[in-house]
Protein chains: 2
Amino acid sequence: MTKKPTIDDVAARAGVARTTVSRVLNNGPNVRDEVRDKVRTAVAELGYQVNAQARHLASGSSRQIALIHATDTEAEPNSYYHSGLELGALRACAEKGYTLVTHTANPVKEEDDRRIIDLARGGQYDGLILTPPYSDRLDLVRAIIGHGCPLVCVSAGPESQQLAPWVGIDDRAAGEALGTLLTELGHRHFAYIDGIEGHISAGMRLQGFTDALEKTGLDSTAIRVVRGNFTFKSGVELAADILGVQDRPTALVCANDDMAAGALLTAHTLGLQIPADISITGFDDTPVSEIVWPPLTTVHQPIRQLGARAVEQLVGGIQSAGEPRASVDSYVAFWVVERLSTAANRNS
Amino acid sequence: MTKKPTIDDVAARAGVARTTVSRVLNNGPNVRDEVRDKVRTAVAELGYQVNAQARHLASGSSRQIALIHATDTEAEPNSYYHSGLELGALRACAEKGYTLVTHTANPVKEEDDRRIIDLARGGQYDGLILTPPYSDRLDLVRAIIGHGCPLVCVSAGPESQQLAPWVGIDDRAAGEALGTLLTELGHRHFAYIDGIEGHISAGMRLQGFTDALEKTGLDSTAIRVVRGNFTFKSGVELAADILGVQDRPTALVCANDDMAAGALLTAHTLGLQIPADISITGFDDTPVSEIVWPPLTTVHQPIRQLGARAVEQLVGGIQSAGEPRASVDSYVAFWVVERLSTAANRNS
DNA sequence: ATCAGAATTGGGAGCGCTTCCAATTTTTGA
DNA sequence: TCAAAAATTGGAAGCGCTCCCAATTCTGAT
């Protein structure tokens, strides 16, 4: 294997200066078409590829973006959520000429917060994308911004939204839509399986949901809220507690699909008919909601689009640093998907 | 924000030469403990971080590994498989001081094969990890190796295994184990939903399965094989075809869990009792197999471990280039997990 | 023709690090 | 005690690219 050609080899072959080749490579202005072609030909003939490392060093920017995922040690929570987000981001990056690098961090380890900050400080990345619950860690967000590192928060709560660019759905409105649906179906007695603490957008869903109940004249006694951790397992366990009582609710709302799937399993185990005995809803509309039986009524969240939008937002900010950035919409549309896991309250 | 400190700042502060700092940073030999401490102190005081770009340029290696995932345009096949593999690889990379970069490619686009080769040629990555079906594209594998780029194939077929280091389970044996289980349960009439063409390891599973049938004296007329594409949807559709006939099989074997989940849905829709009317099995033991009802009998494939092992294999090869590499086991253990989707053939 | 101004090219200084090699100091062995 | 070997340091040359700035060539309006 002979040595890789460098920009100087291309320059020599094309009979121009290195600077000119660089211009062509970067689509710079002020190069005659004739010269441009000559250089392009030389590039093709030599099979030249720019050395990304050298380019990064010289230009000071790496065209790499880091995506921070939260993963607990052993749980594999929300795999569809993570991979959907990543896939969307990956494609958007490819389109924009950036490379996406995924990093995982454990939200319960404090040292990992430090690691994320180091990522921002390191200058290795042109920007960071933070997912929940990191996108709601205000100190973290401030620290990253303080180091001058471009940042976009995915599904962040209102406070984070004040600090940094963000993308997400209107979680409150989504929760409200779900609440409206269920109250219109005649339900008056609910349970809600929330997500982990510090996941503000999940909290907003609950907020919106109770808002809807209040509009129907219900108060907080109409709903029992318990805290899960977004995993299937926690859905299984918490549902056992919720559905095993005498006076069980007629509708169980879960902060994501995985927990709803777990609740479904428990309901089956208890011999309950769904949706006749209990309506169950999820959130996200990941493939899980169609895999289970009966398929879940849920809120469709365009996760891939969220990932793509985050990248666009970030790249937009990077490229127009200082200037009036072309504003990308932060809100992405959601909608309720009615499937077979919900029905009218037969007691109403 | 003041400028980032460089290695020269550290050297100046510690009162040594840049070379010495470099040695300390890279845990090189021949530095007195006293000096080492002095340098470490200076690093800490300045909050110095090495500039990865510069290091890469100077050292010629990036300590970055690329993981190639196959993703069809719109399908989100095997999300759990991909993210499990990635998570395992990610953690192993972090441990080894490498960075993992995921790239997606569309197996039906020929230009994407070219892109993968360019990744290998580019010298940007110290090595590549190929997943199916790319790990079975012999031309691709040869091209990558030909460019001198270290490579590990995940779940590759026998031919690829001849060409490059690999990790995977013994798919043939796994298929055989499943076949043995089902024949012992008295089943004699099977259907098999295979994976996409060119996914050799899925083919090996079928091979092993039929081997088991043969040992029971059954021949190829005992099994009907159809080709799916690993998605839930294809499971739904193909199962309709398989289960809708008069003389339907008593056991349906699927090349992955997603398709089995789809088959399960179709079976429900057709009003079949599972496992009384039909036994259904998956493959991989992704979370899907516990989410569906009834939970799937399947083959547990330690996917995260596979990802981690791939990285270890690759890094081992990179670091001991030329030398007798510390051989990492290519085979990872699998085992059959019996859940509720299978039962004895009641007609037997 | 003539010349200001724009467009196009090239020269060369780094970007921050690793690494070869030479210089210096310390250790070892008779 | 002293030379030879080993351990420790430093000097300096790049790695391959971008980008500032100066040099050159080309416009078009006088």
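Heavy-atom basis, side chains included; hydrogens, waters and symmetry copies ignored. By convention in this document, chain letters (A, B, ...) are assigned in the order of the sequence lines, proteins followed by strands, and residues within each chain are numbered from 1.
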Side chains of A:His103 and A:Tyr125: donor-acceptor distance under 3.5 Å anywhere? yes

Under a 3.5 Å distance rule, please check whether A:Asn51 uses its side chain to pair with a backbone N or O of A:Ala54 as donor and acceptor. yes

Quick one: does any side-chain atom of B:Asp9 pair with a main-chain N or O of B:Thr6 as donor and acceptor, under 3.5 Å? yes

Atom CZ of A:Arg63 to atom C1' of D:dT18: distance rounded to whole Å? 13 Å

Can you give one letter per nucleotide of nucleotides 11-17 of chain C, going 5' to 3': B for a protein heavy atom under 4.0 Å from the base, S for sugar-phosphate only, - for none? BBBBBBB

Can you measure B:His56 atom NE2 to C:dT19 atom C1' for me and round it to whole angstrom units? 16 Å

Send over the distance from A:Asn30 CG to D:dC20 C1', rounded to a whole Å. 14 Å

Kindly compute the distance separating SG (B:Cys93) from CD (B:Glu312), expressed to the nearest 0.5 Å. 10.0 Å

Correct closest heavy-atom pair for B:Leu100 and A:Val101 would be O-CG1, 3.6 Å

Is any side-chain N or O of A:Arg32 closer than 4.0 Å to OP1 or OP2 of C:dA7? no

Would the distance check show the side chain of A:Ser330 and the main-chain N or O of A:Trp166 forming a donor-acceptor pair, the cut-off being under 3.5 Å? yes

